[in-house]
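In what follows, every heavy atom counts, from backbone to side chain, and hydrogens, waters and symmetry copies are set aside. This one's a predicted model, so the numbers in the text were calculated from it and none came from an experiment.
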Amino acid sequence: MDLTHVVDDKVELRPEFEKEVFDIFLMFDEDGSGGIDAREVEETCTAILGYPMHHADAIRLIADADTNRDGILDFEEFKQMLISQMKPATNPGDNLKETFKLFESSEHPGYITLDSLREVAQDIG
C-alpha cells in the first residue's frame with residue numbers, strides 16, 4: 001500500500017498514515033500548543049533523538065517550512081515539510097516507506113517509538 005497519493009498534482013499522505021505523522025508532530029509539540037517553535041525543535045532533537053541542534057539551525061528549519069510566517073509550524077506545515085524532504089520516485093510512496101522503515105521499531109513493527117528514534121540517532125552519530 002502506498003503511503004502517499006497525488007491530489008491535484010500534489011503529493012499528500014494517505015489518511016491512514018497521517019496518525020503516525022501526527023504522533024511524531026506531538027513529540028515535538030512539547031507544550032501541547034498545536035504548533036512547534038524553534039525551541040521545541042532544538043530541545044526535541046537534542047533530548048529525544050540525541051542530536052544536538054543549534055538554536056540557529058532550529059530557527060532556519062522552522063523558517064524554511066513556515067508558510068504563514070508566524071514562526072511556528074502547525075501540523076499541515078510539519079507534514080508538508082516531511083513530504084518535501086522525500087526524493088522524487090516512480091512511485092511517490094516508495095521513499096516514504098523506505099524512510100519509515102529506517103525508523104520503524106523492530107519490537108513493534110508498524111510503529112516508530114522513542115527507542116527506535118534514539119537507536120537511529122546513535123547509528124548516525
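The structure places CD1 of Ile112 at 8.5 Å from CE of Met27, a figure rounded to the nearest 0.5 Å. Atom-to-atom distance recorded for Cys45:SG and Leu117:CG is 10.0 Å, nearest 0.5 angstrom. We find the CD-NE2 distance between Glu42 and His55 to be 6.0 Å, quoted to the nearest 0.5 Å.
Nearest approach of Ala38 to Ala58, heavy atoms of both residues: O-CB, 3.4 Å. Nearest approach of Ala65 to Met81, heavy atoms of both residues: CB-CB, 3.8 Å.
Considering Asp37, Asp29, Val41, Ile62 as possible partners of Leu73, the one that fulfils the side-chain contact (heavy atoms from CB on, under 4.5 Å) test is Ile62.
Salt bridge annotation for Arg69-Asp66: absent, with no cationic side-chain nitrogen under 4.0 angstrom from a carboxylate oxygen. A salt bridge links Lys79 with Glu76: the distance from a Lys NZ or Arg NE/NH1/NH2 to an Asp or Glu carboxylate oxygen falls below 4.0 Å. We find that Asp64 and Arg60 are not joined by a salt bridge, their nearest charged nitrogen and carboxylate oxygen being 4.0 Å or further apart.
With sequence neighbours excluded, the residues forming a ring-ring contact (aromatic ring centres under 6.0 Å, His included) with Phe28 are Phe78, listed by chain and number. His54 is linked by a side chain to side chain donor-acceptor pair (under 3.5 Å) to nothing, counting only residues two or more places apart in sequence or in another chain.
Using modelled atom types, no side-chain atom of Gln80 and backbone atom of Glu77 make a donor-acceptor pair closer than 3.5 Å. Of the possible donor and acceptor atoms, none in the side chain of Glu20 sits under 3.5 Å from a partner among the backbone N and O of Tyr111.
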Given Ile36 and Phe75, is the side-chain contact (heavy atoms from CB on, under 4.5 Å) satisfied, shown in steps? CA-CA 8 Å; Ile36 301 170; Phe75 176 64; over 6 Å; no
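Between the side chains of Glu30 and Thr44, at least one donor N or O sits under 3.5 Å from an acceptor N or O. No donor-acceptor contact under 3.5 angstrom links the side chains of Thr113 and Asp115, judged on distance only.
Met53 and Ile24 fall within the same hydrophobic cluster, defined by Ile, Leu, Val, Met, Phe, Trp and Tyr side-chain heavy atoms under 4.5 Å apart, directly or through other members. Residues Phe25 and Leu61 share a single hydrophobic cluster, defined by chaining ILVMFWY side chains whose heavy atoms lie under 4.5 Å apart.
In this structure, the side chains of Ser116 and Glu104 stay at 4.5 Å or more apart for every pair of heavy atoms.
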